[in-house]
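Protein chains get the first letters and strands the later ones, always in sequence-line order, with residue 1 at the start of each. These figures come from a predicted structure and were not determined experimentally.
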Amino acid sequence: MSQWPLITDIAVKVQSGELKAVDLVEQALATIDAKKEFEAIIATVSERARERAAEIDERVARGEAIGRLAGVPFIAKDNFLTFGSQTTAASNILKGFEAPYQATAIEKLEAEGAIVVAKANLDAFAHGSSTENSDYMTTKNPHDMTRVPGGSSGGSAAAVVLDMAPFALGTDTGGSIRLPAAFTGSVGLKPTYGLVSRSGVVAMASSTDVVGPITRNVDDAAIVLDVMSGRDELDSTMIDRNELGYANLEGDLAGKKIGVIKEYMGEGLDPEVKAQIESAIDKLKVAGVEVKEVSLPSLPLALACYYIICPAEVSSNLSRYDGQRYGFSHPEAGTLEESYNKSRSAGFGNEAKRRIMIGTYVLSSGYYDAYYRKAQLLRTKLTKEFEAAFSDVDLLLGPTAPVTAFEIGANVDDPLQMYLTDIMTVAVNLVGVPAISIPAGTVNGLPVGLQLIAPMKKDRELLNAAKTTERIIE
Amino acid sequence: MTKLTREDVLKLARLARLELTDEEVEHFQTEISAILQYVEQLQNVDLNGLEPTYQVTGLKNATRSDEEKDYGTTPADLLKNAPATEDGHIKVKRMLA
């Protein structure tokens with residue numbers, strides 16, 4: 001059982017004075033300290049969190065309205081710029097970086113009274129599926145310390161399951177919110193591309209990066225999305241919010257048709273994971289939901305497409321780390337050119353270097369048409385297949401990952417094998433549609449994630465369906 | 001089937017402003033070749049008649065008014081992370097050896 005009430009209940013009780021924000025912050029910090037050995041947290045933001053909590057309690061005492069997240073502690077993945085601690089993206093090259101401004105998502109949450117208490121571990125620059133690519137440490141899975149929590153938002157997901165805070169923020173470029181949610185048994189929401197501002201978030205692959213919450217239940221994910229979403233003039237790639245917002249869900253699947261993705265239920269799927277997903281599908285059918293099989297034939301090619309586009313954009317986005325304006329700068333460089341080379345070589349870890357070089361290759365003159373352009377054409381084909389599927393069904397369903405959490409070290413010597421962990425999550429990012437992973441039973445004590453996918457901008461419909469499914473398969 | 005040579009890896013590293021150890025060159029030669037061989041499965045797919053998707057929102061020319069705004073960030077805030085500064089500027093190494 002979680003020590004935290006529902007997020008909206010916490011806020012109501014802080015506003016009424018029944019709960020004190022200062023106590024909630026101490027409770028979060030004490031839990032973080034008690035569960036250090038899981039290595040979910042890079043740094044706490046304790047001083048600033050305590051000050052903000054005291055200020056919120058004083059404002060409550062004066063009779064002021066605080067907001068919809070009054071006094072709610074949360075944890076941000078360390079690729080969000082925040083005041084009160086370093087922001088490193090778990091990379092050596094950003095060690096010691098003090099953010100000159102905060103991410104818009106953080107500002108929006110703070111404006112409603114939420115309080116950042118800590119920064120969570122990740123694969124450095126969000127490159128990975130296990131947090132083993134963190135330049136600092138590997139987060140342990142809360143269900144089995146010999147296993148990974150998934151990645152790249154593994155610290156955020158583990159922190160929520162370890163009850164360190166009621167919610168955490170992640171980023172999802174190819175599955176980095178949904179995969180760790182599946183591996184840890186939490187709820188992970190990847191909103192429609194462009195719904196949440198990315199200003200102040202360390203960029204990975206800009207055409208697929210999104211910000212989203214990791215929570216214990218769907219209602220909590222909905223309120224966090226509701227607060228974070230909406231236009232921001234500091235991010236020019238944004239779409240408008242749904243007029244109804246995303247909170248206060250009806251939780252109704254009446255009249256909805258769900259399509260089970262054939263390509264995600266076949267070869268490569270662990271039979272025991274498959275059995276859990278099939279059991280969930282049976283429960284939906286018993287509850288009266290119409291379920292049918294659908295096929296998106298190009299899905300098996302999505303991972304190849306992603307591992308062209310993602311490194312291409314990574315190589316471009318990481319060119320800014322040159323040792324001059326901020327970040328690690330090598331002390332033994334004579335010229336500017338030497339300073340670039342030495343700073344980047346010493347500052348980047350293996351995975352960042354690997355992706356930078358793959359990206360450089362696929363964008364090179366002579367290879368561009370064969371790789372990058374082909375990938376962007378396949379992206380169009382995938383989009384058309386999703387559109388065709390959604391002309392027949394309201395939602396798509398499948399597993400979030402083909403396996404449960406693997407052992408620490410199992411894939412570190414084989415990057416391609418590690419990339420294959422994302423095989424069921426990347427297509428959603430390439431197409432831009434929203435998706436959510438919710439817990440669907442366990443295999444040998446390890447959680448299984450069920451993924452629901454909705455059409456572009458149907459985030460509210462997705463959350464409604466997820467809330468109902470969560471209740472039906474419980 | 002693409003198999004990168006040692007020289008290919010060194011060229012990529014040079015383009016990306018990375019200096020690699022001999023051990024790294026060897027590793028990346030194998031690993032990057034395997035990844036490129038995997039992604040090459042796209043080359044046999046019929047993609048005729050499709051236009052590329054570079055972004056998914058369909059937005060064009062998102063603009064905002066060209067006005068000065070105070071975000072509370074000072075020049076000192078922006079300079080505090082720079083490795084070397086002088087007179088309110090970022091100081092870099094000389095361009096030529």
| remark: Interface check, chain A: of B:T74, B:D77, B:L12, B:I90, most non-hydrogen pairs under 4.5 Å belong to B:L12
| message | Looking at A:F83, I'd like to know if its CZ atom is crowded, meaning that more than 12 non-hydrogen atoms belonging to other residues, nucleotides or ligands lie closer than 6.0 Å. | response | yes
| field | B:L59 to A:T237 - nearest heavy-atom pair and separation | value | CD1-C, 3.7 Å
Quiz: residues 415-423 of chain A side-chain donor-acceptor pairs under 3.5 angstrom, not counting sequence neighbours:
| residue | atom | partner | partner atom | Å |
| --- | --- | --- | --- | --- |
| A:Y419 | OH | A:E351 | OE2 | 2.6 |
| A:T421 | OG1 | A:M418 | O | 2.7 |
| A:D422 | OD1 | A:S129 | OG | 3.2 |
| A:D422 | OD2 | A:S129 | OG | 3.3 |
| A:D422 | OD2 | A:Y307 | OH | 3.4 |

| remark: Okay, A:M238 and chain B: the region with an atom under 4.5 Å from a heavy atom over there is backbone
| message | Does any backbone or side-chain atom of B:Y54 lie under 4.5 Å from a heavy atom of chain A? Answer side chain, backbone, both or neither. | response | both
| message | If you compare all heavy atoms of B:V56 against all heavy atoms of A:V431, which two are closest, and at what distance to 0.1 Å? | response | CG1-O, 3.5 Å
| message | So B:D8 and A:Y361, do their side chains get closer than 4.5 Å, heavy atoms only? | response | no
| said: Between A:L336 and B:R94, does the side chain to side chain contact (heavy atoms under 4.5 Å, CB included) criterion hold? Intermediate values first, please. | reply: CA-CA 6 Å; A:L336 189 59; B:R94 63 179 189 278; over 6 Å; no
| said: Testing the basics here: between B:E51 and A:L377, what is the closest heavy-atom pair and its distance to 0.1 Å? | reply: C-CD2, 3.7 Å
| field | Partner chain A: residue of B:P52, B:A13, B:A82, B:G72 with the largest heavy-atom pair count (under 4.5 Å) | value | B:P52
| CG of B:L4 to CD1 of A:I358: how many Å apart, nearest 0.5 Å? | 9.5 Å
| query | Does B:N81 use its side chain to pair, donor to acceptor, with the backbone of A:F97 at less than 3.5 Å? | reply | no
| request: Could you tell me which portion of A:Y372 (side chain, backbone, both or neither) has an atom closer than 4.5 angstrom to a non-hydrogen atom of chain B? | output: side chain
| Non-hydrogen atoms of chain B under 4.5 Å away: do they reach the side chain of A:F348, the backbone, both or neither? | side chain
| field | Interchain contact, A:A346 with chain B, by part (heavy-atom threshold 4.5 Å) | value | neither
| task | Among B:T21, B:V45, B:L79, single out the residue with the greatest number of heavy-atom pairs under 4.5 Å to chain A. | result | B:V45
| field | Interchain contact, B:N48 with chain A, by part (heavy-atom threshold 4.5 Å) | value | neither
| said: Any salt bridge linking B:R17 with A:E337? Criterion: basic side-chain nitrogen under 4.0 Å from a carboxylate oxygen. | reply: yes
| task | Sort B:S33 into side chain, backbone, both or neither according to what part of it lies under 4.5 angstrom from a heavy atom of chain A. | result | neither
| remark: If one checks every heavy atom of B:L42 against chain A at 4.5 Å, the contacting part turns out to be both
| Between A:G359, A:S315, A:S298, A:A333, which residue shows the highest count of heavy-atom pairs closer than 4.5 Å to chain B? | A:A333
| field | Within 6.0 angstrom of A:Y367 OH, more than 12 heavy atoms from elsewhere | value | no
| Which is it for B:V39 and A:Y306 under the side chain to side chain contact (heavy atoms under 4.5 Å, CB included) test, yes or no, and what are the steps along the way? | CA-CA 9 Å; B:V39 303; A:Y306 178 77; over 6 Å; no
| Leading residue by heavy atom contact count with chain B [cutoff under 4.5 Å; candidates A:I356, A:N350, A:L430] | A:N350
| remark: Scored by heavy-atom pairs under 4.5 Å with chain A, the best of B:R64, B:K91, B:E31 is B:E31
| note | Looking only at B:T63, B:L50, B:I32, the option with the highest number of non-hydrogen pairs under 4.5 Å against chain A is B:L50
| Contact part of A:K457 toward chain B, heavy-atom cut-off under 4.5 Å: side chain, backbone, both or neither? | neither
| Just checking, any donor-acceptor pair under 3.5 angstrom between side chains of B:E40 and A:Y371? | yes
| task | In plain terms, say whether B:K69 and A:E233 are close enough for a salt bridge, that is, a side-chain N and a carboxylate O under 4.0 Å apart. | result | yes
| request: Tell me, yes or no, whether the heavy-atom count around A:K458 atom NZ, taken from other residues, nucleotides or ligands under 6.0 Å, exceeds 12. | output: no
| task | Indicate yes or no for a side-chain donor-acceptor contact from B:Q43 to the backbone of A:A370 under 3.5 Å, with no hydrogens or angles considered. | result | yes
| Is it the case that more than 12 heavy atoms not belonging to A:H330 sit under 6.0 Å from its NE2 atom? | yes
| Closest-packed option against chain B by number of heavy-atom pairs under 4.5 Å, given A:V362, A:N341, A:L318 | A:N341
| task | Please report the closest heavy-atom contact between A:Y326 and B:P83, naming both atoms and the distance. | result | N-CD, 4.1 Å
| query | Where do B:F28 and A:M357 come nearest, in terms of heavy atoms and distance? | reply | CD1-CE, 3.2 Å
| task | Would you name the heavy atoms of A:S339 and B:K93 that are closest together and state the gap between them? | result | CB-CG, 4.1 Å
| task | Could you tell me whether B:E24 and A:K353 have a side-chain N and a carboxylate O separated by less than 4.0 Å? | result | yes
| field | Best-contacting candidate, B:E19, B:K11, B:Q41, against chain A by heavy atom pairs under 4.5 angstrom | value | B:E19
| Between the main-chain N or O of B:T53 and the side-chain N or O of A:T380, is there a donor-acceptor pair closer than 3.5 Å? | yes
